[in-house]
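Accompanying notes for the structure given below.
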Amino acid sequence: MDYTEFSSRYQVRRLDLTNIPEILALCEKNTQFYEYCPPFVTTQTIEADMQALPQRKKTYEDKYYLGYYDDAGQLVAVMDLIDHYPAEKSCFIGFFMMERSLQGKGIGSQIITDFCSHLAKTGYEYIRLGYVDGNEQSRSFWEKNQFTDTGLRNYTEDYTVVVMNRSLEQPGIRKIFRCSITISGSNNKQHNINEMQNKQKCAG
């Protein structure tokens, strides 16, 4: 996966422990997110998120904790991505957050649009994520970006996660794709919705 091609406007870089201070500075401004998806962000929770994997992923080769940077070197967005999950031709957004001062300007939607366009061109069929039920800001953002409710839910002690997909497949194979989702969901619902640990259960 060539993540450097994800954006037409921003430089996309892989983040590591040295980037935690700037990730924290971005995330801690988004207080509403953590009201719905606790606990509130700390250095420790970011480090844990960098290590978090879905239950069926055993190695880190498909995990991409990414930062979007503008020309001035300012971090404008963070995305935690799992490639080839929950299926080979899909990926999972475990977390996505924008710099607070840049929200409401269409920048987040452009990032997601570019990202989806790149994946569609390289043969991916769909993208999956989850948002916390009741967080209308998150629901509105993801629906605006063509993600739809799968009907799957993940119930935690603190909140319920609504699982969403965005289809990237060509119209001619849409029927087959939809059937495959229905079959996998009916076989083992928890297998599909217990995607990530900790805060990774809510993308934004």
Side-chain angles (χ1 to χ4, degrees), residues 1 3-4 6-7 9-54 57 59-83 85 91-112 114-115 127-142 145 147 154 156-162 164 194-204:
M1 173 175 280
Y3 56 83
T4 64
F6 283 0
S7 178
R9 179 174 179 180
Y10 298 104
Q11 298 177 20
V12 184
R13 309 174 193 168
R14 210 160 190 168
L15 302 175
D16 57 33
L17 297 180
T18 64
N19 301 112
I20 287 181
E22 58 185 327
I23 299 169
L24 179 63
L26 182 149
C27 291
E28 63 186 3
K29 300 172 189 175
N30 290 279
T31 56
Q32 178 179 306
F33 174 84
Y34 297 103
E35 290 174 4
Y36 289 95
C37 192
F40 192 74
V41 64
T42 65
T43 297
Q44 291 73 29
T45 62
I46 294 172
E47 185 172 352
D49 290 344
M50 287 181 163
Q51 301 297 318
L53 288 172
K57 282 287 184 180
T59 67
Y60 290 96
E61 61 182 7
D62 290 332
K63 182 178 175 71
Y64 298 84
Y65 202 91
L66 303 173
Y68 285 73
Y69 289 84
D70 64 17
D71 291 337
Q74 175 71 31
L75 181 65
V76 301
V78 176
M79 177 186 289
D80 188 4
L81 180 70
I82 304 295
D83 195 14
Y85 186 83
C91 65
F92 180 79
I93 299 176
F95 180 69
F96 178 74
M97 186 169 284
M98 285 287 304
E99 160 63 37
R100 183 71 183 86
S101 64
L102 298 177
Q103 293 177 18
K105 300 180 180 181
I107 296 173
S109 292
Q110 186 59 56
I111 287 175
I112 296 301
D114 285 353
F115 170 68
I127 303 167
R128 175 164 291 186
L129 56 81
Y131 76 92
V132 175
D133 194 16
N135 189 337
E136 291 303 301
Q137 183 182 55
S138 291
R139 180 190 62 78
S140 177
F141 175 79
W142 293 117
N145 286 283
F147 284 81
N154 184 12
T156 77
E157 293 182 0
D158 299 313
Y159 49 79
T160 299
V161 178
V162 179
M164 306 185 87
N194 287 339
E195 307 286 9
M196 298 288 283
Q197 302 170 352
N198 303 323
K199 183 165 63 61
Q200 299 299 316
K201 293 176 180 175
C202 33

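If you read the sequence from its start, that first residue is 1, and numbering goes on from there. Because the structure is predicted, anything quoted here is derived from the model rather than measured.
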Would you indicate whether Arg100, at its atom CZ, is surrounded by more than 12 heavy atoms from other residues, nucleotides or ligands within a distance under 6.0 Å?
no

For the student: nearest non-hydrogen atoms of Leu26 and Asn30, plus distance:
O-ND2, 3.1 Å

Heavy atoms, side chains only, cut-off 4.5 Å: are Cys37 and Asn135 in contact?
no

Treating Lys63 as the side-chain partner and Ala52 as the backbone partner, does any N or O pair qualify as donor plus acceptor under 3.5 Å?
yes

In the structure I gave you, are the side-chain heavy atoms of Asp62 and Met1 within less than 4.5 Å of one another anywhere?
no

Side chain to side chain contact (heavy atoms under 4.5 Å, CB included) between Tyr131 and Val161, intermediate numbers included
CA-CA 5 Å; Tyr131 76 92; Val161 178; over 6 Å; no

Could you state the interatomic distance from CD1 (Ile46) to CG (Asp80), rounded to the nearest 0.5 Å?
11.5 Å

Note: Tyr69 and Val76 closest approach over all heavy atoms is N-CG2, 4.5 Å

Residues, nucleotides or ligands: over 12 heavy atoms within 6.0 Å of Asp16 CG:
yes

Taking the side chain as every heavy atom from C-beta outward, state whether Ile107 and Glu99 have any atom pair closer than 4.5 Å.
no

Can you tell me if Ser140 uses its side chain to pair, donor with acceptor, with the backbone of Gln137 under 3.5 Å?
no

Distance (rounded to the nearest 0.5 Å) between Tyr159 OH and Glu35 CD:
14.5 Å

Less than 4.5 Å apart, side chain to side chain, heavy atoms only: is that true for Ile112 and Met79?
yes

Classify the angle between the aromatic ring planes of Phe6 and Phe115 as parallel (below 30°), tilted (30 to 60°) or perpendicular (above 60°).
perpendicular

When rounded to the nearest 0.5 Å, the distance separating OH of Tyr85 from CD1 of Ile127 is 15.5 Å

Smallest heavy-atom separation, Thr4 atom then Val12 atom, equals CG2-O, 4.1 Å

Within the distance-only criterion (no hydrogens, no angle test), does the side chain of Asn145 pair as donor or acceptor with the backbone N or O of Trp142 below 3.5 angstrom?
no

Can you measure from CD (Glu47) to CD1 (Ile23) and round to the nearest 0.5 angstrom?
10.5 Å

Run the numbers on Phe40 and Glu28 for side chain to side chain contact (heavy atoms under 4.5 Å, CB included), then give the verdict.
CA-CA 8 Å; Phe40 192 74; Glu28 63 186 3; 3.9 Å; yes

Mind listing the closest non-hydrogen atom pair of Leu129 and Phe92 along with its distance?
CA-CE1, 3.9 Å

Below 6.0 angstrom between ring centroids: does that apply to Phe33 and Phe95?
yes

By side-chain hydrogen bond (donor to acceptor under 3.5 Å, both in side chains) - contacts of Asp158 (at least two apart):
none

Which is it for Val162 and Arg139 under the side chain to side chain contact (heavy atoms under 4.5 Å, CB included) test, yes or no, and what are the steps along the way?
CA-CA 9 Å; Val162 179; Arg139 180 190 62 78; over 6 Å; no

Which pair of non-hydrogen atoms, one from Tyr3 and one from Tyr64, has the smallest distance, and what is that distance?
CD2-CD2, 3.7 Å

Here the gap from Ser138 atom OG to Gln32 atom CD, rounded to the nearest 0.5 Å, amounts to 7.5 Å

Measure the CG-CD distance between Leu15 and Glu22 for me, rounded to the nearest 0.5 Å.
7.0 Å

With salt bridge (Lys or Arg N to Asp or Glu O under 4.0 Å) as the test, would you mind laying out the steps for Asp114 and Arg9 before giving the verdict?
CA-CA 9 Å; Asp114 285 353; Arg9 179 174 179 180; over 6 Å; no

What heavy-atom pair brings Ile111 and Ala77 nearest, and what distance separates the two atoms?
CD1-CB, 3.9 Å

Do Leu66 and Arg14 have side chains that get closer than 4.5 Å, going by heavy atoms?
yes

How far apart are the C-alpha atoms of Arg13 and Asn19, what are their side-chain angles, what is the distance that settles it, and do they pass the side chain to side chain contact (heavy atoms under 4.5 Å, CB included) test?
CA-CA 11 Å; Arg13 309 174 193 168; Asn19 301 112; over 6 Å; no

